[in-house]
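One structure below.
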2 protein chains.
Amino acid sequence: MNVGPRSPDEVLSLLRARGDRVTTSRRAVVEALLAGDHHVTADEIAARVAADHPEVHRATVYRTLDRLEEVGVVTHVHLGHGPSTFHLNDRPHHHAVCSSCGGVVEVPLAALDGLAERLRADHGFELSTQHFALSGRCRTCA
Amino acid sequence: MNVGPRSPDEVLSLLRARGDRVTTSRRAVVEALLAGDHHVTADEIAARVAADHPEVHRATVYRTLDRLEEVGVVTHVHLGHGPSTFHLNDRPHHHAVCSSCGGVVEVPLAALDGLAERLRADHGFELSTQHFALSGRCRTCA
DNA sequence: TTCTATGCAAACGATTTGCAGGGAG
DNA sequence: CTCCCTGCAAATCGTTTGCATAGAA
């Protein structure tokens with residue numbers, strides 16, 4: 001099922017290949033990302049990192065996540081009003097967020113194919129997947 | 001086409017009906033909202049209001065928009081990274097935002113019916129329309 | 001040695017809040 | 001005369017940035 005990098009080293013080697021440097025902080029951020037739940041905020045990563053490396057600054061977490069996104073291993077999604085969440089690109093999907101409990105439902109990419117086609121045909125609009133969340137009410141809250 | 005309130009008084013009467021007070025500031029905000037483009041940020045409204053009423057504070061603009069949303073005349077939408085935009089509920093629609101130029105394409109509600117049905121069937125998820133923006137590239141930027 | 005990446009602090013943009021006074025009903 | 005609404009200032013939240021220095025290659 002998972003098609004992307006699964007180990008910190010795998011991810012870090014992508015940075016190295018780009019000419020970037022592999023540092024203790026970056027390793028810690030990547031480890032926190034892999035260890036966490038699929039959708040993690042920068043703050044959650046920072047907290048997890050801080051457990052082992054209290055000196056790593058939030059700014060570094062943000063900068064590292066930025067880089068990882070540029071390299072293409074990571075995607076950030078806006079789930080609603082709160083902070084962005086980050087996740088590996090290993091399992092492409094859309095997000096449906098419950099506005100009541102904040103729960104996230106992962107939606108297969110194909111579910112939006114029809115909409116994408118319609119937007120293309122009617123408005124010449126190329127829907128870019130995965131970066132936006134759908135909002136509504138989940139089963140239990142509705 | 002437009003089915004909602006079209007004049008400041010119409011909007012303000014909804015507030016009054018709720019027991020709220022109608023003040024100079026609130027009237028100014030409503031007028032700015034009606035005068036503006038369909039999608040306006042709080043800041044744009046504040047600027048427009050300031051032209052005639054320099055004493056009206058940004059906080060009041062936010063508070064008034066909040067109230068109007070509670071009453072159901074106004075909706076705010078997150079178009080992307082920037083500030084929220086507000087618009088009257090007179091012409092329900094979805095929003096597709098170009099991540100490149102920031103342009104907004106208004107998409108008919110029906111365009112998401114299929115998706116909504118699928119989310120309901122597959123995930124028990126009730127898609128709530130109009131509050132989220134779809135992102136992608138518009139015709140000219142793609 | 002050479003530069004990139006880091007920590008720190010401060011700035012930032014959007015929005016919210018506590019408070020005491022002003023004004024609508 | 002009552003309270004709601006307001007202006008103001010300050011706080012908050014998520015995120016970014018300038019700077020001098022540590023540290024990877």
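Naming: A, B, ... by sequence-line order, numbering from 1 per chain. On a predicted model such as this, the values are computed, not experimentally measured, just so you know.
The residues B/Glu70 and B/Arg18 are annotated as salt-bridged, a charged nitrogen and a carboxylate oxygen being separated by less than 4.0 angstrom.
Atom-to-atom, CZ of B/Arg58 to C1' of C/dA14 comes out at 10 Å; the value is rounded to the nearest Å. Put simply, CD on A/Glu55 is 11 Å from P on C/dT6, counting in whole angstrom units.
Protein chain A contacts DNA chain D from D/dG14 to D/dA25, reading 5' to 3' and using non-hydrogen atoms of the protein with a distance under 4.0 Å.
The number of heavy-atom neighbours closer than 6.0 Å to CD of A/Glu69, taken from other residues, nucleotides and ligands shown, is above 12.
Stem regions for DNA chain C, each three or more consecutive Watson-Crick or G-U pairs with both distances under 3.5 Å and listed by first number, read C:1-11 with D:15-25, C:16-25 with D:1-10.
Note: B/His93 and B/His38 have tilted aromatic rings, judged against thresholds of 30 and 60 degrees for the angle between ring planes.
For the pair B/Arg26 and C/dA24, the criterion of a side-chain N or O lying under 4.0 Å from OP1 or OP2 is not met. When the side-chain nitrogen and oxygen atoms of A/Thr23 are compared with OP1 and OP2 of C/dT6, one or more of them lie within a distance under 4.0 Å. Proximity of A/Arg21 to the phosphate of C/dT6: no side-chain N or O atom is located under 4.0 Å from OP1 or OP2.
Of the candidate nucleotides C/dT16, C/dA24, C/dC8, C/dT16 has the atom nearest to the side chain of B/Tyr62.
Under a 3.5 Å cut-off, the side chain of A/Ser99 and the backbone N or O of A/Gly136 do form a donor-acceptor pair. A distance-only check finds no donor-acceptor pair linking the side chain of A/Arg137 to the backbone of B/Leu127 [under 3.5 Å].
Side chain to side chain, A/Ser84 and A/His76 fail the donor-acceptor criterion of an N or O pair below 3.5 Å.
When heavy atoms are screened at a 4.0 angstrom cut-off, A/Thr41 is found touching no nucleic acid atom at all.
You'll find the side chain of A/His78 stays beyond 4.5 Å of the side chain of B/His78, heavy atoms only.
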